[in-house]
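Since the structure comes first, as structure tokens, the remarks are kept for the end.
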Amino acid sequence: MGFAVAAAAVARGADVLLVAGPVSLPTPAGLARIDVRSAAQMHEAVMATLPCDVYVGAAAVADYTPASISPAKIKKQPGQDGLVLQLVRTRDILADVASHASRPALVVGFAAETQDVDDYARAKLVAKNLDLIAANRVGVEGSGFESDANTLIVHDAQGATTLGPAAKTELAHGLLDLIEARLP
Ligand code: C5P
């Protein structure tokens, strides 16, 4: 969805910077792209783009990251049947953008959920101080990750708008219609 929103925004005349994690998607024409591998790198790259007018956070950022990175291969030990890796929380890029001194006029998040999609989405809208959040149900056929079609329920403080089911390009334009209507 992030790539679809970026391409649709370019088509509507926006200057777009796409910060992408490790995906095998071609770069849409007409935008600048920064590739990152880790949540920490994505955080740094996104913060460096501020100020901007609109931020759309669509990446499925890892919530936890290894506490330390071994410089060498971790060898299995005789008699060791299990291995516990210490993980620490990653920083929430979206929440940090929304609370930044140079906060964009519109901050938009995504919420991929398997259940209670709208309740979780509304809670995130408030907790992360967002203007819009696009909720989608994952784990059902024809929706969410690695699917060309999707349904989005876009919440703001007042209520919700359902977009789709439709192709991601169409959904991206629907989301950008909602964003444009709220731009100062
Ligand atoms: O809290 P949750 O991960 O479900 O929220 C999803 C939203 O938050 C998405 O827009 C995602 O891109 C963003 N996010 C983020 N940084 C994180 C985790 C999630 O920007 N570390």
Side-chain angles (χ1 to χ4, degrees), residues 1-9 14 16-23 25 28 31 33-67 69 85-140 143-147 150-157 160-164 168 171-172 174-176 178-179 182:
M1 270 311 302
F3 277 65
V5 172
V16 179
L17 175 64
L18 173 64
V19 180
V23 293
L25 290 168
L31 55 73
R33 172 173 173 176
I34 297 175
D35 284 315
V36 296
R37 284 203 67 83
S38 69
Q41 288 169 353
M42 183 170 275
H43 189 283
E44 193 183 337
V46 166
M47 293 305 149
T49 70
L50 298 179
C52 65
D53 297 321
V54 178
Y55 176 78
V56 180
V61 186
D63 293 321
Y64 293 90
T65 190
I69 309 246
L85 290 176
Q86 177 84 33
L87 301 177
V88 293
R89 281 287 289 271
T90 55
R91 290 165 78 185
D92 193 310
I93 305 164
L94 182 61
D96 284 358
V97 168
S99 64
H100 199 278
S102 305
R103 186 190 194 279
L106 260 277
V107 181
V108 183
F110 274 75
E113 303 287 352
T114 51
Q115 66 218 10
D116 300 328
V117 183
D118 294 309
D119 288 347
Y120 282 128
R122 298 202 69 78
K124 270 175 220 177
L125 181 80
V126 175
K128 302 195 189 200
N129 186 27
L130 310 177
D131 300 289
L132 289 172
I133 189 156
N136 70 308
R137 179 124 185 252
V138 292
V140 287
S143 180
F145 299 122
E146 292 176 6
S147 161
N150 205 351
T151 302
L152 296 180
I153 301 166
V154 186
H155 296 262
D156 69 4
T161 307
T162 301
L163 303 176
K168 286 183 178 173
L171 294 174
L175 182 61
L176 288 167
L178 297 175
I179 290 171
R182 285 161 179 78

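The model shown is predicted, which means the values in this text are computed figures rather than measured ones. Both backbone and side-chain heavy atoms feed into the values below; hydrogens, waters and symmetry mates do not. Atoms within a ligand are numbered from 1 in the order they appear, just like the ligands themselves.
What sits closest to atom 9 (C) of ligand 1 on the protein, heavy atoms only, is Phe110 O, 3.1 Å. Among all protein heavy atoms, the one lying closest to atom 21 (N) of ligand 1 is Arg91 O, 2.9 Å. From the protein, the heavy atom lying nearest to atom 10 (O) of ligand 1 is Gly57 O, 2.6 Å. In this structure, the protein non-hydrogen atom closest to atom 16 (N) of ligand 1 is Ile93 N, 3.0 Å.
Considering only non-hydrogen atoms, atom 20 (O) of ligand 1 lies nearest to Leu94 out of Val61, Thr90, Leu94. In this structure, of Gly2, Ala59, Ala127, Gly109, the residue bringing a heavy atom nearest to atom 11 (C) of ligand 1 is Ala59. Residue Lys128 holds the heavy atom nearest to atom 8 (O) of ligand 1 of all those in Lys124, Glu113, Met42, Lys128.
The residues Arg89 and Asp63 are annotated as not salt-bridged, no charged nitrogen and carboxylate oxygen being separated by less than 4.0 angstrom. A salt bridge is defined here as a Lys NZ or Arg NE, NH1 or NH2 lying under 4.0 Å from an Asp or Glu carboxylate O, and Arg122 with Asp116 fails to meet this definition.
Within 6.0 Å of CD in Glu113 there are more than 12 heavy atoms belonging to other residues, nucleotides or ligands. Within 6.0 Å of the CG atom in Asp96, the count of heavy atoms belonging to other residues, nucleotides or ligands exceeds 12. Shown here is Arg182, whose CZ atom has more than 12 heavy atoms of other residues, nucleotides or ligands within 6.0 Å.
Using a 4.0 Å cut-off between heavy atoms, Asp63 contacts ligand 1 through its side chain alone, with no backbone atom that close.
The heavy-atom pair separating Thr151 from Asn136 by the smallest distance is O-CB, 3.3 Å.
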